[in-house]
S.K.: 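Sharing a structure with you now.
In what follows, every heavy atom counts, from backbone to side chain, and hydrogens, waters and symmetry copies are set aside. Counting begins at 1 with the first residue of the sequence. Atoms within each ligand, like the ligands themselves, are counted from 1 in listed order.
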Amino acid sequence: MQFEVWAKGLATLSVDCIVLGVFEEGELPEETHGIDSASNGYLKKLLARGDFSGRTGETLLLAEVPGIEASRALLTGLGAKKSFGRKSWRRSLGAAMTAISKTRIASIAVAIDRPPPKDLDDYYFGRAIAEIVGSTLYRVNDLKTTKKPKAAPLQKVLAGPVRKAGVEAAERGLEHGQAVSSAVSLQRDLANLPANVCTPIYLADQARALAKQYTSLRVQVLDEAAIKKEKMGCLLAVSQGSAQPPRFIVLEHRVGGRGAKDDSPPVVLIGKGVTFDTGGISLKDPPGMDEMKFDMSGAAAVLASMSLVAKLRLPMRVIGLVGAVENMPSSRAVKPGDIATSAAGLTVEILNTDAEGRLVLCDALHYSRRFNPAIVVDIATLTGACVVALGHHHSGAMGNDEDLVHELVEAGMRADDRAWQLPLTDEYADQLKSNFADFANVGGREGGAITAAAFLSKFTKGLKWAHLDVAGTAYQGGAQKGSTGRPTPLLADFLIRRAGL
Ligand code: BES
Ligand code: MN
Ligand code: ZN
């Protein structure tokens, strides 16, 4: 896909289609006025007849609009003028792209009027265009044997209008947006795979493939024996019931390339890579259990983010860690009441084998210490309780460093991939008391998303750490079942900012 900005002369752009926004009031925003006069009032007449409502989500494809170079024009509703903002702009662009993806249109000029710059500046304008184009054209890598519908032929997208002073920022936005979009697609591809394909070994192979693709990345994969040497007793307790052996993945981006010396304190990202979560002996209910193939979404987001860091050559050391395991019941599986010893040396009474994510993460968090990290962020589909608390709109954000949590929440707002902070205060840890070990792996139903984070916080003393619970945001159920690619846009924004780009 080719992305460029356009500045003026919309009527003379030779593309297959120009995309115009129309308000519910039947008004054409400023920038499309040129088209109306070029076409001798054609659009005004059409709107006066009431053929287009202008509601967000609604589109109308017009052929042979007089007076313009493009062979088609697509109208997309902007909703009511008074409530127009970044959100409705994004929705109308999404609707337009969906309509275009169903046609043979190969080149477009996006000319949807934009909300004011404080709501959407030139950089984020470019980013949003590339990201929305990418996500609407994304197709699930399904295993259907029926013939696949042809991919949309769209090849070229012109974004504008952009004033001269904003061209550089918009172009940078388009470039970054494409990187975010391919990272999001990578996450979605990995997470959408069935668990019989996407095993811990498969995830490790994907990390190796990334290190082959990008010269800044070096990869190290710990097999079961190496994981035992690291004394990751909690991760191994989860894995022991499965015929699939575990893997621990270390993927590092170095500024001067993979061979360069770089001892700077890195950003460490840790992903929960439970390739399938049956719950183990504390078996889950059958309805919806298939969705537990998405329980490696955190791991997929980490691999995706590493690909973005490498693609954009961010001038910053970043390390991705993934604990990849399958959580199964079997005669060898860990049982409620079993006690495991974590790599940190703390003992954990595993009262519920379905609270396995925190067991994998605690050993990964401990592993991160050897890198003397600047900050550590873990990403995990950790708790159903987080979905109860926040639904599917916000990821849960917690941590032991307020500045870091705020930095993540703000990145989420800019990237339209929002997170909301939950209060991780000391009291919650009381719920994890155990009579037999240093603590238990569950703390009862109340405040479940927070007690899970409180468990992790036991392993992060002295680290600047934040935790993103993406159980409600990383995938969708129902008719649209599939990975969303979240929170990769948030992480991308966070990393790009931190790198100062
Ligand atoms: N992977 C699940 C969390 C989850 C639930 C993700 C729903 C997405 C949707 C996690 O391993 C889990 O099972 N958590 C338990 C914890 C409980 C036993 C304390 C849960 O949320 O029920
Ligand atoms: Mn579980
Ligand atoms: Zn899980």
S.K.: Please list, in number order, the atoms of ligand 1 under 4.0 Å from a heavy atom of T381.
M.R.: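 What qualifies from ligand 1 is 1 (N), 2 (C), 3 (C), 6 (C).
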S.K.: Below 3.5 angstrom, do we get any N/O pair linking T383 and ligand 1?
M.R.: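 No.
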S.K.: Considering non-hydrogen atoms of the protein only, which is the closest contact for atom 21 (O) of ligand 1, and what is the distance?
M.R.: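 Sorting protein heavy atoms by distance from atom 21 (O) of ligand 1 puts G384 N, 2.6 Å first.
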S.K.: Relative to each other, are the rings of Y123 and H176 parallel, tilted or perpendicular (30° and 60° limits)?
M.R.: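 Y123 and H176: perpendicular rings.
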S.K.: Tell me, with the steps shown, if R188 and Y138 meet side-chain hydrogen bond (donor to acceptor under 3.5 Å, both in side chains).
M.R.: CA-CA 9 Å; R188 293 175 77 176; Y138 176 81; 4.8 Å; no
S.K.: Which protein non-hydrogen atom lies closest to atom 18 (C) of ligand 1, naming both residue and atom, and how far is it?
M.R.: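 Scanning the protein heavy atoms, the shortest distance from atom 18 (C) of ligand 1 goes to N352 ND2, 3.3 Å.
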S.K.: Return the residue, atom name and 0.1 Å-rounded distance of the protein heavy atom closest to atom 9 (C) of ligand 1.
M.R.: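 For atom 9 (C) of ligand 1, the nearest protein heavy atom comes out as Y475 OH, 3.2 Å.
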S.K.: Looking only at non-hydrogen atoms, which of D277, V274, D354 approaches atom 2 (C) of ligand 1 most closely?
M.R.: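 Closest candidate by heavy-atom distance is D277.
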S.K.: The Mn ion (ligand 2) and D277: any N/O/S contact shorter than 2.8 Å?
M.R.: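 Yes - counting backbone and side chain alike, D277 has an N, O or S atom under 2.8 Å.
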S.K.: Checking a contact table here: which protein heavy atom is nearest atom 16 (C) of ligand 1, and how many Å away?
M.R.: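 Here the closest protein heavy atom is R358 NH2, 3.9 Å.
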S.K.: Pick one of side chain, backbone, both or neither for how E291 approaches ligand 1, counting any non-hydrogen atom pair under 4.0 Å.
M.R.: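 No part of E291 is near ligand 1 at this cut-off.
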S.K.: With a 4.0 Å cut-off on N to O distance, would you call K293 and E291 a salt bridge?
M.R.: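 Salt bridge: no.
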S.K.: Answer yes when D354 and K284 have at least one side-chain N-carboxylate O distance shorter than 4.0 Å, and no when they do not.
M.R.: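 Looking at D354 and K284, the cut-off is met.
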S.K.: Salt-bridged, K231 to D363, with N to O below 4.0 Å?
M.R.: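 Here K231 does not pair with D363 in a salt bridge, since their nearest N and O are not under 4.0 Å apart.
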S.K.: Can you tell me which N/O/S atom of D295 has the shortest distance to the Zn ion (ligand 3)?
M.R.: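 Going by distance to the Zn ion (ligand 3), the closest N, O or S atom in D295 is OD2.
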S.K.: Does a side-chain N-to-carboxylate-O contact under 4.0 Å join R498 and E407?
M.R.: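 Looking at E407 together with R498, the answer is yes, because their closest N to O distance falls below 4.0 Å.
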S.K.: Please indicate whether any nitrogen or oxygen in K284 is less than 3.5 Å from any nitrogen or oxygen in ligand 1.
M.R.: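 Yes: some nitrogen or oxygen of K284 is under 3.5 Å from one in ligand 1.
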S.K.: What residue and heavy atom of the protein are closest to atom 10 (C) of ligand 1, and at what distance?
M.R.: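 Result: L382 O, 3.3 Å.
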S.K.: Could you check atom 19 (C) of ligand 1 against the protein and tell me its nearest heavy-atom contact, residue, atom and distance included?
M.R.: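 For atom 19 (C) of ligand 1, the nearest protein heavy atom comes out as V442 CG1, 3.5 Å.
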S.K.: As a check for students: among C386, A449, A355, identify the option with a heavy atom nearest to atom 17 (C) of ligand 1.
M.R.: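 Ranked by closest heavy atom to atom 17 (C) of ligand 1, first place is A355.
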S.K.: To the nearest 0.1 Å, how far is atom 6 (C) of ligand 1 from its closest protein heavy atom, and which atom is that?
M.R.: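 I find the closest protein heavy atom is A471 CB, 3.6 Å.
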S.K.: Taking 4.0 Å as the limit for heavy-atom contacts, which would you say applies to R445 with ligand 1: side chain only, backbone only, both, or neither?
M.R.: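 No part of R445 is near ligand 1 at this cut-off.
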S.K.: Can you tell whether the side chains of D142 and K148 come within less than 4.0 Å, N to carboxylate O?
M.R.: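 Salt bridge: yes.
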S.K.: Just by distance, with hydrogens left out, do S282 and T353 show a side-chain donor and acceptor under 3.5 Å apart?
M.R.: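 Short answer, yes.
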S.K.: Which atom name would you report as the N, O or S atom of E356 nearest the Mn ion (ligand 2)?
M.R.: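 Distance check against the Mn ion (ligand 2) picks out OE1 in E356.
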S.K.: Do the ring planes of W465 and H467 sit parallel (below 30°), tilted (30 to 60°) or perpendicular (above 60°)?
M.R.: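 Aromatic pair W465/H467 classed parallel.
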S.K.: By atom name, which N, O or S atom of E356 is the nearest to the Zn ion (ligand 3)?
M.R.: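 Closest N, O or S atom of E356 to the Zn ion (ligand 3): OE2.
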S.K.: Answer yes or no: is there an ion pair linking E402 with K464, defined by an N-O contact shorter than 4.0 Å?
M.R.: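 No, no charged N to carboxylate O under 4.0 Å.
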S.K.: Is D416 salt-bridged to R86, going by a charged N under 4.0 Å from an acidic O?
M.R.: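 Yes, this pair counts.
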S.K.: What angle, in degrees and rounded to 10°, do you get at the Zn ion (ligand 3) when you join it to OD2 of D277 and to NZ of K272?
M.R.: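 The two atoms subtend 180° at the Zn ion (ligand 3).
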S.K.: Considering non-hydrogen atoms only, spot the tightest contact between A207 and L251 and give its length.
M.R.: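 Minimum heavy-atom separation between A207 and L251: O-CD1, 3.8 Å.
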S.K.: Taking both backbone and side chain into account, is any N, O or S atom of D354 nearer than 2.8 Å to the Zn ion (ligand 3)?
M.R.: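 It does not; every qualifying atom lies at 2.8 Å or beyond.
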